[in-house]
Number of protein chains: 2
Amino acid sequence: MTAQGAQGGTFLVPEHTDVTEAESLHRGGNCQDVSEILARVGDKWSVLIVMMLGSGPRRFNELKRMVGGISQRMLTLTLRGLERDGLVTRTIYPTIPPRVDYALTDLGHSLSEPVKALGAWAIENKATIRQAREAFDARRDEAQDWGGRRFG
Amino acid sequence: MTAQGAQGGTFLVPEHTDVTEAESLHRGGNCQDVSEILARVGDKWSVLIVMMLGSGPRRFNELKRMVGGISQRMLTLTLRGLERDGLVTRTIYPTIPPRVDYALTDLGHSLSEPVKALGAWAIENKATIRQAREAFDARRDEAQDWGGRRFG
DNA sequence: CGGGATCCCCAATGATACTG
DNA sequence: CAGTATCATTGGGGATCCCG
């Protein structure tokens, strides 16, 4: 599909149903299936925590401090979710005071690879994105000026 | 995390506070900064749309059909957000009926790489995760049984 | 220290209708 | 077709208290 002119009307969409998943990923087919998993992965907190745990096991409050800005509730819920998905293990040391260590499973580590790549991208392009946003917003404000000024 | 058994009392946690950001990324330091960017990336719809656009420019309703399940409102908002961040371009063809093409910018393409890696991981481990979830839930239900049964 | 239970609120998202 | 505007919903997520 290269030579698509401006054919305004309806166009045919091939029944993109039974493609193999492996292929559909790279071609942009029915990615709805992935969204379910990506929802977990894409979750703001999950990603951060997986990144944190990439460097080794951490304790609850240790994670809380590292993430910064997460409530204990969300930390608990997120860790539970990750545990449920088999991405982290929860090890309880029945000491006093109690101690709980969270660590990535093998699956978790395998996830941390693409996640770290994403994190690296984020850091690498942080400035660029910020600039793009400011430029976009500036353009928008400008546009509002026109609308606001009754061409006086 | 090999030795240290259950050493009951208080124990020392090294003051892991003043790491540099560059180092913190790979080691799991204070990644809060990244979360802002990751929030956009991690957004369910954004990720899917970036994946869709990875295979070339798409029209509005084309994307809507491909994503499947997204409301036109969310599609508009998501695309605006991506445009604002300099990840996609919006090209209007003043034809009748109107036509708008969305395409990844260079920045968008650079993002699509790690995103595709993540998608690949998601597909690859979809089954494993589903199993882990079922196992976890089964364990939880089991536990609830104990609570329910008054040790008959 | 780790975390369950509760209350509460607002931002994210969907549904619907209208416009160019 | 591509979007904007409005309304209704809901559940994500913070604050707080309490327990083992």
List for me each residue that meets side-chain hydrogen bond (donor to acceptor under 3.5 Å, both in side chains) alongside [X], sequence neighbours excluded, and say none if there are none.
| X | answer |
| --- | --- |
| B:Asp137 | A:Arg84 |
| B:Arg133 | A:Glu36, A:Asp85 |
| B:Ser110 | A:Trp121 |

N/O donor to acceptor pairs below 3.5 angstrom from side-chain atoms of residues 71-78 of chain A, sequence neighbours left out:
{"from": "A:Ser71", "atom 1": "OG", "to": "A:Met74", "atom 2": "N", "distance (Å)": "3.3"}
{"from": "A:Thr76", "atom 1": "OG1", "to": "A:Gln72", "atom 2": "O", "distance (Å)": "2.9"}
{"from": "A:Thr78", "atom 1": "OG1", "to": "A:Met74", "atom 2": "O", "distance (Å)": "2.6"}

Compute the bend angle of the helix from C:dC1-D:dG20 to C:dG20-D:dC1 from the end axes (five pairs per end), rounded to 10°.
->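 Rounded to the nearest 10 degrees, the bend comes out at 50°.
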Which whole-number value in Å describes the distance from [X] [atom1] to [N] [atom2]?
| X | N | atom1 | atom2 | answer |
| --- | --- | --- | --- | --- |
| A:Leu63 | C:dC1 | CG | P | 14 Å |
| B:Ile49 | D:dA2 | CD1 | P | 14 Å |
| B:Arg58 | D:dA2 | CZ | C1' | 18 Å |
| B:Lys64 | D:dG3 | NZ | P | 13 Å |
| A:Leu79 | C:dC1 | CG | P | 17 Å |
| B:Asn61 | D:dC1 | CG | P | 5 Å |
| B:Leu75 | D:dA5 | CG | P | 17 Å |
| B:Arg99 | D:dG3 | CZ | C1' | 16 Å |

Is B:Tyr102 near enough to D:dC1 that one of its side-chain N or O atoms lies under 4.0 angstrom from OP1 or OP2?
->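 So the side-chain polar atoms of B:Tyr102 never come under 4.0 Å of the phosphate oxygens OP1 or OP2 of D:dC1.
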Sequence neighbours excluded, which residues qualify as side chain to side chain contact (heavy atoms under 4.5 Å, CB included) partners of A:Ala103?
->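 Side chain to side chain contact (heavy atoms under 4.5 Å, CB included) check on A:Ala103 returns A:Pro57, A:Thr89.
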Scan residues 102-115 of chain A for pairs that pass salt bridge (Lys or Arg N to Asp or Glu O under 4.0 Å), counting only residues two or more places apart or in two chains.
-> A:Glu113-A:Lys116
Less than 4.5 Å apart, any side-chain heavy atom of A:Leu79 and any of A:Leu63?
-> yes
Using atom types as modelled, flag every donor-acceptor pair under 3.5 Å from a side chain in residues 41-48 of chain B to any protein atom, sequence neighbours excluded.
{"from": "B:Asp43", "atom 1": "OD2", "to": "B:Ser46", "atom 2": "N", "distance (Å)": "3.2"}
{"from": "B:Asp43", "atom 1": "OD2", "to": "B:Ser46", "atom 2": "OG", "distance (Å)": "2.9"}
{"from": "B:Ser46", "atom 1": "OG", "to": "B:Arg40", "atom 2": "O", "distance (Å)": "3.4"}

Nearest non-hydrogen partners of A:Leu118 and B:Pro114, listed with the distance =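 A:Leu118 and B:Pro114 have their closest heavy atoms at CD1-CB, 3.6 Å.
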Under the salt bridge (charged side-chain N to carboxylate O under 4.0 Å, His left out) rule, collect the residues that match up with B:Glu124, sequence neighbours excluded.
->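 Counting only residues at least two positions away or on another chain, B:Glu124 forms no salt bridge (charged side-chain N to carboxylate O under 4.0 Å, His left out).
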At under 4.0 Å between heavy atoms, which parts of nucleotides 7-20 of chain D does protein reach? Answer with one letter per nucleotide, 5' to 3': B base, S sugar-phosphate only, - none.
-> ------BBBBB--B
Of all the choices, D:dT4, C:dG3, C:dC1, which nucleotide is nearest to the side chain of B:Thr76 once you look at every atom?
->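 Nearest to the side-chain atoms of B:Thr76, counting from C-beta on, is D:dT4.
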May I ask you to list the residues of residues 80-91 of chain B, by number, that have any heavy atom positioned under 4.0 Å from an atom of DNA chain D?
-> B:Arg80, B:Arg90
Could you walk me through whether A:Leu111 and A:Leu87 pass the side chain to side chain contact (heavy atoms under 4.5 Å, CB included) check?
-> CA-CA 8 Å; A:Leu111 171 59; A:Leu87 294 168; 4.0 Å; yes
